[in-house]
Amino acid sequence: MDGSQKFLRGFLKISISGDQIERFLNLCHARAIPLENVFHQSENSITAYISVNNFRKLTPIHRKTRVHIHILQKRGLPFWMYKSKKRKCFIIGIIFCASLLFWLSGHIWNIHIDGNVANSTPQLLEFLDQQGIIHGISRKKANCSQIASLLRKKYPDITFVSARVQGTCLFLSIQEETLTEDIQKSESPCDLISDLDGEIVNIVIRSGTQQVRIGDNCKKGDVLVTGEVPILNDSQELVRTKYVSADADIYVRHQTSYYKEIPLLYEKRVQSGMPKTNWYFHTGNWIFGAGTGTENQCLVSVEEIPWRLTENFVLPFSLGKIIRVPYEIQEAVYTKDEAEQKLMVQLKSYKKNLLEKGSKIENCSLSVVMEENSCIMKGTLTLVEKCGVKSLRNPL
């Protein structure tokens with residue numbers, strides 16, 4: 001018998017003493033009455049654990065062996081209930097909590113969506129809410145196949161939806177079309193023209209006729225790859241002209257100017273008092289105990305923690321904390337080092353954006369100039385960027 005069954009049915013710790021203890025043990029074994037944790041206290045005395053039902057079967061063995069049996073401890077739910085029979089409110093509270101947990105476990109309290117990029121999570125949740133798929137819906141009413149079908153029908157760019165219910169959570173895994181205009185190739189005849197001024201450093205042609213070579217300088221509007229492809233015979237004579245959609249990867253080295261200016265005088269927030277913390281309770285659309293700030297100016301930070309019984313058992317309640325830090329605005333002046341550091345942060349952000357777009361930074365020639373009321377960073381950056389935009393053409 002495992003621990004949970006012993007607790008539910010109740011068990012006893014007993015003491016057996018007498019001259020026929022060995023016979024007593026043999027009779028218990030013969031009648032399949034288990035004794036657990038048998039401990040010899042002396043030659044004629046032992047202690048053991050036995051269930052309540054098996055204890056009642058010891059009566060005939062007790063009469064035959066004439067041993068003395070004493071109950072030392074009573075443990076388990078039946079004995080606990082008997083001791084707590086005067087605490088009716090406590091028992092009712094336990095039954096109510098167990099019933100509430102059982103009811104809560106039969107509903108969906110968390111809808112988790114991942115994989116969505118073009119369609120935001122609030123947008124998808126609003127659509128599900130219109131279809132009756134809301135927080136608190138019964139698990140029996142959450143038809144995963146129907147939910148996936150509704151999402152694919154409403155949003156054509158969603159190619160795959162996986163819906164599953166685990167615990168009190170509804171998990172939706174979404175895959176969307178990631179094709180961009182550059183990838184969705186047009187079949188219409190077009191040329192590839194330059195949108196940058198600079199030196200061509202690399203060319204990869206996929207379709208069309210190349211008009212420039214590596215090392216050539218190009219200007220905005222120059223044709224890099226034409227969609228006109230001549231078809232020649234074995235004698236290298238023109239048979240016909242085929243018009244295609246020009247496609248190529250062409251990289252151009254060019255220089256771009258950089259200019260950033262920040263004023264030396266700025267407004268600084270200085271804490272003017274002790275932070276104040278307010279706790280609140282959030283359930284559904286109701287918030288209790290959030291409090292209000294008395295200060296005119298304060299920084300507010302909010303942290304909300306949902307209540308969970310398990311990893312996937314999210315209750316419809318949450319406890320939140322609001323921290324308000326009062327402050328006042330003072331005028332301050334950047335030092336030279338502070339201004340240069342701030343300009344360097346802006347430069348790093350600018351470089352990061354260039355790298356995310358696929359640009360390569362070959363050289364950076366910048367200088368910092370301190371003026372009376374501002375600090376300026378200016379200069380040029382040498383970049384290698386992908387060049388070329390499609391321009392439709394009408395075949396003759």
Side-chain angles (χ1 to χ4, degrees), residues 113-123 157-159 173-186 190-208 210-225 245-264 266 334-371 374-391:
I113 304 175
D114 60 5
N116 55 313
V117 178
N119 303 290
S120 64
T121 298
Q123 180 183 357
D157 58 334
I158 294 179
T159 58
S173 297
I174 293 176
Q175 290 183 4
E176 299 174 332
E177 287 184 342
T178 57
L179 298 179
T180 62
E181 294 181 356
D182 292 334
I183 299 177
Q184 295 173 346
K185 300 177 181 179
S186 174
C190 61
D191 297 332
L192 198 65
I193 63 174
S194 175
D195 57 344
L196 294 173
D197 295 339
E199 179 187 356
I200 298 175
V201 295
N202 192 18
I203 300 177
V204 178
I205 304 294
R206 281 185 287 270
S207 64
Q210 179 177 337
Q211 300 294 306
V212 292
R213 297 182 178 181
I214 296 176
D216 291 350
N217 292 321
C218 63
K219 295 182 179 181
K220 290 182 180 180
D222 290 350
V223 178
L224 303 177
V225 180
S245 174
D247 187 21
D249 291 336
I250 300 178
Y251 292 90
V252 172
R253 180 188 293 115
H254 69 103
Q255 289 186 341
T256 182
S257 59
Y258 180 84
Y259 183 91
K260 285 290 182 180
E261 180 180 358
I262 59 170
L264 297 179
Y266 69 99
Y334 286 120
T335 64
K336 181 180 179 180
D337 292 339
E338 291 175 342
E340 290 180 354
Q341 185 177 3
K342 189 173 182 64
L343 288 171
M344 288 300 298
V345 172
Q346 295 180 356
L347 178 61
K348 288 181 180 179
S349 177
Y350 179 73
K351 288 182 177 180
K352 182 179 178 181
N353 293 333
L354 289 175
L355 295 175
E356 290 176 352
K357 293 178 181 178
S359 302
K360 179 182 177 182
I361 303 174
E362 286 193 342
N363 188 25
C364 183
S365 178
L366 300 173
S367 61
V368 178
V369 179
M370 288 289 295
E371 295 188 351
S374 63
C375 183
I376 302 172
M377 177 179 284
K378 59 183 179 179
T380 58
L381 299 174
T382 302
L383 307 177
V384 174
E385 292 185 290
K386 189 175 180 180
C387 175
V389 293
K390 292 185 177 183
S391 176

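Quick note: numbers below take in every heavy atom, side chains included, and nothing from hydrogens, waters or symmetry partners. Along the sequence shown, residues are numbered consecutively beginning with 1.
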> Using a distance-only test with no angle check, is there a side-chain donor-acceptor pair under 3.5 angstrom linking S374 and E261?
Replying inline: yes
> Judged by modelled atom types alone, do S359 and E385 share a side-chain donor-acceptor pair under 3.5 Å?
Replying inline: yes
> Could you go step by step and tell me if C375 and L264 meet the side-chain contact (heavy atoms from CB on, under 4.5 Å) rule?
Replying inline: CA-CA 7 Å; C375 183; L264 297 179; 4.0 Å; yes
> Would you call R213 and I200 a side-chain contact if the rule is heavy atoms closer than 4.5 Å?
Replying inline: no
>> Please evaluate residues V252 and C218 with respect to the criterion side-chain contact (heavy atoms from CB on, under 4.5 Å), reporting the C-alpha separation (whole Å), side-chain torsions for both, the decisive distance (0.1 Å), and the verdict.
In response: CA-CA 8 Å; V252 172; C218 63; 4.0 Å; yes
> Rounded to the nearest 0.5 Å, how far does CZ of R253 lie from CG of N217?
Replying inline: 10.5 Å
> With a 4.5 Å heavy-atom cut-off, do T159 and E177 have their side chains touching?
Replying inline: yes
> K219 and D197: which non-hydrogen atoms are nearest, and at how many Å?
Replying inline: CA-OD1, 3.0 Å
> What pair of heavy atoms forms the shortest contact from A246 to V225, and how long is it?
Replying inline: CB-O, 3.7 Å
> Under 30°, 30 to 60°, or over 60°: which ring-plane class applies to Y350 and Y258, parallel, tilted or perpendicular?
Replying inline: tilted
> Looking only at heavy atoms, which two atoms of I205 and Q210 are closest? And how far apart?
Replying inline: CG1-OE1, 3.7 Å
> How far apart are the C-alpha atoms of Q255 and N363, what are their side-chain angles, what is the distance that settles it, and do they pass the side-chain contact (heavy atoms from CB on, under 4.5 Å) test?
Replying inline: CA-CA 9 Å; Q255 289 186 341; N363 188 25; over 6 Å; no
>> Main chain of V368, side chain of E340: is a donor-acceptor contact present, judged purely on distance under 3.5 Å?
In response: no
>> Working to the nearest 0.5 angstrom, can you tell me the gap between L196 CG and D222 CG?
In response: 11.5 Å
> Okay, side chain of S391, backbone of D191: is any donor-acceptor separation there less than 3.5 Å?
Replying inline: no
>> Give me the atom names and distance for the closest heavy-atom approach of G388 to D195.
In response: N-OD1, 3.1 Å
> Taking the side chain from S365 and the backbone from T380, do they hold a donor-acceptor pair closer than 3.5 Å?
Replying inline: no
>> Can you tell me if Q341 has over 12 outside heavy atoms packed within less than 6.0 Å of its CD?
In response: no
> Do the side chain of N119 and the main chain of N116 share a donor and acceptor less than 3.5 angstrom apart?
Replying inline: no
>> Within the 4.5 Å heavy-atom criterion, are D247 and L192 side-chain neighbours or not?
In response: no
> Side chain of E362, backbone of V384: donor and acceptor closer than 3.5 Å?
Replying inline: no
>> Quick check: closest heavy atoms across Q211 and V223, and the distance to 0.1 Å?
In response: CB-O, 3.4 Å
> Taking all atoms of both residues into account, what is the closest heavy-atom pair of I203 and V212, and its distance?
Replying inline: CD1-O, 3.5 Å
